[in-house]
Amino acid sequence: MSLADATWQAACRASLASLLGVLLAWPLRHALWSMRGHTGGVAVGVALAIAVPPLAVAYAATALLPHLALAPAFSPWCLLVLLVGRVLPFVALILALVPPPPLSGTAAHTLTLLPANAPLRRLRSHVCGRLRSGSASGGMLAFAAGFVLAFQDFELTARLGASSWTVWLFDAQAGGVDVAAVLRQCVGPVALTLSVLALAVLAGIAAPGQRTPPRMPRPRPIRWLGLGACLGLTVVVPLALLLLDGATHVGAALRSAAARNELAWSLAYATTAAAVAGLTAQGLSPRTARGGSWLRTTTMLLACTPGLGGSLVLALVTRQLAAGSFADTPLPALFALTLWILPYALLLRHALTRDETAPGPRAATMLGHLEGRTGAADAIVRALRGRPRLWTFAVLMPLSLQDVVVGSILAPPHAPPLTVRLHNLAHYGHSHTVSAQMLVLAAAGVLPLLLPWAADGRRLVAARRSLRRR
Amino acid sequence: MKTTRTSFVVGGAAVAAWLWFGGRPADALVVYCAHDVTLAEPILDAFAARTGIRLQVVYDTEATKTLGLVERIVTEQEAPRCDVLWCNEPLGVMQLQDLGLLQPYRGPGFMRMPAAWKDPDAHWVGFAARLRVWITDQDLASLSSPDLDALVARDTAAASLAEFAIAVPLFGTTRFHVTALWALRGEEWVRAWLRDLRGAGARFVRGNAAVKDLVAAGVARLGWTDSDDAAAAGDAAASTPVEVDGFALCIPNAVALVRGARHEREARALVDWLLSAATELALARGAGQQIPLGDVADHDLPPAVAKLRARLPHALPLERLRAAHARVLAWLQAEWLDR
């Protein structure tokens, strides 16, 4: 199969997976927004879905559903469901965190009523109105993030025997094709991803937002059924398998000095890459500063470009560039990992920093000054402005913790990440040790996702105390 | 502005910390190992415990394949990191030898191995081999390799090969298999054969383990894999050694010293350890059921391994593959990747 055919197939699959992800994630927005009472369970579910490595999903899927996953008639559908499950939590988070537009739904609806002479005009005006008002921009950002994630997937696609440009590139590289020739072939897929991202970002720029809580939608059985199936396959089944198989062996698995060392390196790579990518995205995000947004947008899209080639391409390029003095250090792996997650960091920051321009912090400051309660106002402002940074880090850290390809190609012999070992061991089927170590990896991915909630709670408590003291 | 400054300060501090803590310990022997981690790790751990030599092992993964480690050594040739390469098939080390990236070593291990399984100039030495095998469901267990060949030929003619599984031939031991067919039956035959397989709907999967999984799960009836993968299937599948024009396809592990190795004395010690009878016995008794190539008595071996070992005198000589390898690779790249 040619690269063009493989790219086309992957693009169709990624579009469908991302679209389904957005549709299924829509009802989760309210739950993620409030994170109180029973809806806290949904939030925990999404956090777990982000933290469960695709490696564990493939490990569980092929162990528990070998006939279904491997049979030719079912494998494309299995792959689609797994990809929807993979993109769903990221999409849900973006949908929940992107503020809705200032134009109300009623106003947007009124806009569509004005030129209602012909169905086509009505539809066009509806779409234009949605875009102008920005109500579609959150969906587009979420779709773009889901598309990038699904389009770049290698692990699940290869495991289920489907075609994709990532599999083609891997075959070319492992088949001994010259690296320069492999890299030249990446232009098409990268350009395609970049255009999807550009569309989403431009739609987002047209829509400055103001946060109001989304309403809880009425439950629709088909939607919840789809949601349950996807999250079941990508969260419940893998976690259940890991817990049943490995929970009682965690201690034994961590007694191995090699495993402890590799886990420490995994955490170090992931934490540093997530922090550096988050800070870089903060500096580049168009909404951080007023004015000059086109220049920033262009810079942001350019900064995204290396990461859009996927982790394999990035690792190969970095290996060529870092063949000299830094080759014996973990820096090349760190560099490649950071560039790989930068597109996600930029998308997240782009979505989240719209909070910073919202009137909330300014209103809090003004009220604080008027009431003479500057301490409480500062606490609220810090809570509002610190939240995007924590969320960016919290999502990026598990994502980089799950990398296999960059680690296997670039990590120096003395600093290997745990995922490379797990990838190797999972190849031989199930064992208590592998399940236990995967469980530890998933738990390490959940911890940063608890940070924003913990910080929000702490800051709100501090603000309330400060107000009471006054 | 403040954000940019903060980013630079944090980024600078992170790089400095990583350079400080991430430097490579100078005394460790670096091993690139393409053999299965579960089988290789106990052998290497035992060596480290016995000699006190610290090891840093980079294992092959499905994400890089054997060729990944070979490519890595080619990329690093100006400043080699690897001291010892433990490859799970000999074509990779032959390629490195042709590029002049290996250094010869005639130690006790080299002397122990028969001439058929080593480079006469001692750039690499083979040990602990696998055989290419047919893996089938139990209904086909009684068929011989020529019978299974005939079955596949019949299904190919009927364009109904969906129950035959084979790994993508671009890499690994399936490439070794295709290279052997090329060497024995010629270019035209192999080109037509692969075209017919694809046309008849044979299932090409990502590796030999996937072939084993398909047959063990009952999704495919038969396929080609390696004897260690077939052993892992247990009773869920049967296996029969592949026979091509009377030759068995035997794929030894190969060990080599990388030119410019920084720890030559320790590297030689490891090479001799891997080529010892004790290591071959351990690999034969392990889950991979590797076939000893050196002087190990049959009665010390598990029965299944002793049975496989009986095929060694009929194995295709490795030297016959050397000339065909580069041409097969170039053809597979063009054919498989549609370049």
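In what follows, chains carry the letters A, B, and so on, assigned in the order in which the sequence lines appear, proteins first and then strands, with residues in each chain numbered from 1.
Two residues are said to be in side-chain contact when any heavy atoms from C-beta on lie closer than 4.5 Å; B:Arg206 and A:Asp171 meet this criterion. Contact check for B:Trp336 versus A:Trp168: no side-chain heavy atoms found under the 4.5 Å cut-off. Looking at B:Tyr59 and A:His423, their side chains never come closer than 4.5 Å, going by heavy atoms from C-beta outward.
The two residues A:Ala172 and B:Leu337 have their closest heavy-atom pair at CA-CD1, 3.4 Å. For the pair A:Pro413 and B:Arg81, the tightest heavy-atom approach, listed with the atom from each and the gap, is CD-NH1, 3.5 Å.
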Using the rule given for side-chain contact (heavy atoms from CB on, under 4.5 Å), can you reason through B:Arg54 versus A:His414, listing the C-alpha separation, both sets of side-chain angles and the distance that settles it, and then say yes or no? CA-CA 11 Å; B:Arg54 278 187 62 193; A:His414 63 280; over 6 Å; no
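Of the residues considered (B:Val58, B:Val205, B:Val74, B:Thr38), B:Thr38 shows the highest number of contacts with chain A, using heavy-atom pairs under 4.5 Å. Among B:Val31, B:Val168, B:Asp36, B:Val57, the residue with the largest count of heavy-atom pairs under 4.5 Å with chain A is B:Asp36.
The contact between B:Val37 and chain A is made by backbone and side chain atoms together, counting heavy-atom distances below 4.5 Å. For a residue to count as touching a neighbouring chain, one of its non-hydrogen atoms must lie under 4.5 Å from one of that chain's; by this rule A:Ala6 does not touch chain B.
In the displayed structure, A:Phe335 atom CZ is contacted under 6.0 Å by at most 12 heavy atoms of other residues, nucleotides or ligands. For B:Trp331, the CH2 atom is densely surrounded, since the number of other residues' heavy atoms within 6.0 Å is greater than 12.
Using a 4.0 Å cut-off between charged side-chain N and carboxylate O, A:Arg319 and B:Glu76 make no salt bridge.
Taking CD of B:Glu71 as the start and CD1 of A:Ile409 as the end, the distance is 10.5 Å to the nearest 0.5 Å.
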